[in-house]
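One structure is given below, encoded as structure tokens.
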Amino acid sequence: MRDDGSWKTRSFWLATDDYTPAPPLDGSTSADVVIAGGGYTGLWAANFLKESDPSLDVALLEKDVCGYGGSGRNGGFAMTLLDFSLHHLMKNQGLERARAAHLAVAASVHAIEKFTRENRIDCELEATGYFEIATNKSHLRRLRQDIEAAERTGLEGWDYLDQAAARSKLDTPRALAGVFERDCAVLNPAKLAHGLRRTAIERGVRVYEGTPVIGCDAASDPIQFRTPFGTVTATRGVLAVNPWMKDFPPFGRHQVPIFTYAMASDPLSDEQLARIGWPGREGIEDKRNYIHYFRLTRENRIVWAGGDAVYYYGSRTGPKVDRRPETWRYLERTFAWYFPQLAGIRFPYKWGGPVAVTADFLPYIGTIQRTNLHYAFGCNGHGVAPAHTWGQILRDLCLDRKTELTELLFVGRKEIPFPPEPLRWVGAELTRRALKRQDRQMNAGREVAETDPLILRILKKLG
Ligand SMILES: Cc1cc2nc3c(=O)[nH]c(=O)nc-3n(C[C@H](O)[C@H](O)[C@H](O)COP(=O)(O)OP(=O)(O)OC[C@H]3O[C@@H](n4cnc5c(N)ncnc54)[C@H](O)[C@@H]3O)c2cc1C
């Protein structure tokens with residue numbers, strides 16, 4: 001894929017989807033609710049608001065095209081993962097809060113399947129489940145911790161698989177054991193985003209693409225979202241721009257855009273597929289700090305991704321940093337290590353994109369004090385299913401409803417700020433190096449201490 005900097009070449013999924021963007025805003029207007037951001041979070045919120053109250057006038061402003069961000073570039077795992085793992089979520093949040101959050105996102109996995117089926121969104125969804133594998137003995141400990149957390153939380157649909165059972169799910173010589181989790185699907189992310197835009201428009205949402213919000217006055221009544229083509233005023237506003245919250249003070253310090261990179265292979269022949277024995281077609285991750293995540297597409301390409309994650313000075317985003325040949329070369333090497341039986345396979349599609357990472361690896365959802373401006377951001381690289389949950393929460397906040405969802409641990413919590421530059425870059429880079437060093441040590445068979453890296457502990461203290 002030749003990257004020309006346009007939205008169409010942001011990912012394999014965007015490059016291969018047939019999509020015509022909606023026209024931009026044409027002059028100032030007013031609405032009941034104005035939403036900035038046409039990723040899953042903004043699109044689900046728009047759909048749910050109209051479903052709850054069809055008389056509401058909802059306008060959605062997207063700076064580029066719907067699905068331009070992670071929503072059109074991700075691995076397509078609709079999964080329950082929050083925090084680093086279920087074990088971490090339980091340890092950090094306690095059993096009851098962790099269980100409620102996990103179950104809400106698991107319900108979203110199934111609700112996405114139902115919604116896309118009922119609304120004829122062909123996003124190539126396969127309810128495959130999720131499979132995590134250990135490739136060294138530290139990973140084995142991590143798998144056991146997750147299974148124990150699932151047992152203590154009383155969750156169903158989790159199974160520990162020994163090496164033989166794990167290798168019957170995926171025939172890589174590297175797998176020592178695995179954990180299978182039932183509540184996960186894989187899908188085509190861009191087709192989901194574009195399908196959600198269609199259903200939003202069918203419900204009467206006014207979608208304006210190519211329309212960046214360049215200023216937002218939350219304190220004015222009504223709220224004002226300014227764009228180069230006019231201002232949208234509304235009694236309620238939603239910021240759903242995820243890593244681009246960096247452009248909206250004071251949120252710039254509450255998350256950092258971190259880039260993850262991916263590649264898609266040529267379609268595998270039946271004979272090549274048989275060599276890696278992947279009958280259940282699960283979405284798979286390993287248990288490294290810098291995980292690899294991989295899955296099959298509908299036409300049996302392998303999407304192979306992760307292995308590293310990079311922060312750029314000044315919270316930089318944009319087409320230049322969407323590309324990182326060094327990481328792609330690294331991914332080619334790790335693919336060969338996992339699948340020696342597929343030597344020589346080509347990866348013609350390569351891309352990357354930002355995820356919004358928060359200091360404690362959990363999202364923030366809430367309302368700016370004494371205003372009707374609501375926000376949700378910080379999916380930390382696993383927002384496909386959670387964004388459905390956030391969409392419902394944003395609907396409830398906009399409609400001033402207290403529900404079980406608005407009681408979840410993400411809502412209305414205190415932010416932990418990142419330091420200003422240059423400390424932010426130094427901290428991010430030190431954290432990355434420490435986590436990568438741990439990965440190397442674990443691969444070499446050494447046990448590593450399972451504490452947060454120093455920089456995270458400092459940030460939590462400061463927060
Ligand atoms: C390469 C990659 C792989 C990933 N893999 C997975 C995975 O397999 N599973 C998983 O669960 N998660 C994954 N994620 C994360 C997941 O994609 C995100 O968590 C999810 O898409 C977040 O949705 P969102 O709507 O909150 O944000 P985004 O999709 O980032 O959407 C934000 C939108 O806001 C728009 N915007 C920005 N600024 C403005 C502005 N000023 N005015 C108007 N609009 C604006 C952007 O153009 C964008 O469309 C991955 C992410 C990446 C990048």
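Numbers here are sequence positions counted from 1. Indexing begins at 1, ligand by ligand and atom by atom, following the structure's order.
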Atom indices of ligand 1 within 4.0 angstrom of [X] heavy atoms, with elements:
{"X": "Val355", "result": "51 (C), 52 (C), 53 (C)"}
{"X": "Pro212", "result": "42 (N)"}
{"X": "Cys379", "result": "19 (O)"}
{"X": "Val384", "result": "9 (N), 10 (C), 11 (O), 12 (N)"}
{"X": "Gly381", "result": "6 (C), 10 (C), 12 (N), 13 (C), 14 (N), 15 (C)"}
{"X": "His382", "result": "10 (C), 11 (O), 12 (N)"}
{"X": "Asn74", "result": "2 (C), 3 (C), 4 (C), 5 (N), 6 (C), 13 (C), 14 (N), 17 (O), 50 (C), 51 (C)"}
{"X": "Arg73", "result": "1 (C), 2 (C)"}

When the ring planes of Tyr68 and Trp244 are compared, do they come out parallel, tilted or perpendicular, using 30° and 60° as the limits? tilted
Could you tell me how the ring of Phe361 sits relative to the ring of Phe84: parallel (under 30°), tilted (30 to 60°) or perpendicular (over 60°)? parallel
For [atom], which protein heavy atom lies nearest, and how many Å away is it?
{"atom": "atom 31 (O) of ligand 1", "answer": "Gly39 CA, 3.5 Å"}
{"atom": "atom 24 (P) of ligand 1", "answer": "Thr41 OG1, 3.5 Å"}
{"atom": "atom 44 (N) of ligand 1", "answer": "Lys63 N, 3.0 Å"}
{"atom": "atom 48 (C) of ligand 1", "answer": "Glu62 OE1, 3.5 Å"}
{"atom": "atom 27 (O) of ligand 1", "answer": "Asn242 CB, 3.2 Å"}
{"atom": "atom 36 (N) of ligand 1", "answer": "Val241 CG1, 3.7 Å"}
{"atom": "atom 16 (C) of ligand 1", "answer": "Gly383 N, 3.9 Å"}
{"atom": "atom 8 (O) of ligand 1", "answer": "Phe77 N, 3.2 Å"}

Rounded distance (nearest 0.5 Å) linking atom [atom1] of [X] with atom [atom2] of [Y]:
{"X": "Asp247", "Y": "Ile214", "atom1": "CG", "atom2": "CD1", "value": "11.5 Å"}
{"X": "Phe251", "Y": "Cys216", "atom1": "CZ", "atom2": "SG", "value": "8.0 Å"}
{"X": "Thr172", "Y": "Phe294", "atom1": "OG1", "atom2": "CZ", "value": "7.0 Å"}

With a 4.0 Å heavy-atom cut-off (strictly under), which part of [X] contacts ligand 1: side chain, backbone, both or neither?
{"X": "Leu61", "result": "backbone"}
{"X": "Ala305", "result": "neither"}
{"X": "Tyr293", "result": "side chain"}
{"X": "Ala387", "result": "neither"}
{"X": "Phe248", "result": "side chain"}

Flag for [Y]-[X]: side-chain donor and acceptor within less than 3.5 Å:
{"X": "Thr403", "Y": "Asp396", "answer": "yes"}
{"X": "Asn47", "Y": "Arg395", "answer": "no"}
{"X": "Asp83", "Y": "Asn92", "answer": "yes"}
{"X": "Asn380", "Y": "Thr358", "answer": "yes"}
{"X": "Tyr349", "Y": "Arg301", "answer": "no"}

Please assess Ser315 against Arg424 for the test side-chain hydrogen bond (donor to acceptor under 3.5 Å, both in side chains), listing each intermediate value before the final yes or no. CA-CA 9 Å; Ser315 290; Arg424 187 186 310 170; 3.0 Å; yes
I want to confirm something. Looking only at heavy atoms, which of Pro243, Gly72, Ser71 is nearest to atom 21 (O) of ligand 1? Ser71
Among Gly37, Ala240, Gly70, the residue with a heavy atom nearest to atom 32 (C) of ligand 1 is Ala240
Intermediate values then yes/no, side-chain hydrogen bond (donor to acceptor under 3.5 Å, both in side chains), Arg295 and Thr128: CA-CA 10 Å; Arg295 44 94 36 114; Thr128 56; over 6 Å; no
Could you check Phe48, Tyr40, Trp44 and say which one makes a ring-ring contact (aromatic ring centres under 6.0 Å, His included) with Phe115? Trp44
Geometric cation-pi criterion Lys436 and Tyr330, 6.0 Å radius, 45° cone: yes
Heavy-atom contact check, 4.0 Å cutoff: does Ala262 meet ligand 1? no
At a 4.0 Å cut-off, with the gap strictly under it, does some heavy atom of Pro354 reach an atom of ligand 1? yes
Are any of the N/O atoms in [X] less than 3.5 Å from those in ligand 1?
{"X": "Trp244", "answer": "no"}
{"X": "Ala385", "answer": "no"}
{"X": "Val213", "answer": "yes"}
{"X": "Thr211", "answer": "no"}

Just checking Trp304 against Tyr338, ring centres under 6.0 Å apart? yes
Atom CG of Asp26: over 12 foreign heavy atoms under 6.0 Å: no
Please check if atom CD in Glu156 has more than 12 non-hydrogen atoms from other residues, nucleotides or ligands closer than 6.0 Å. no
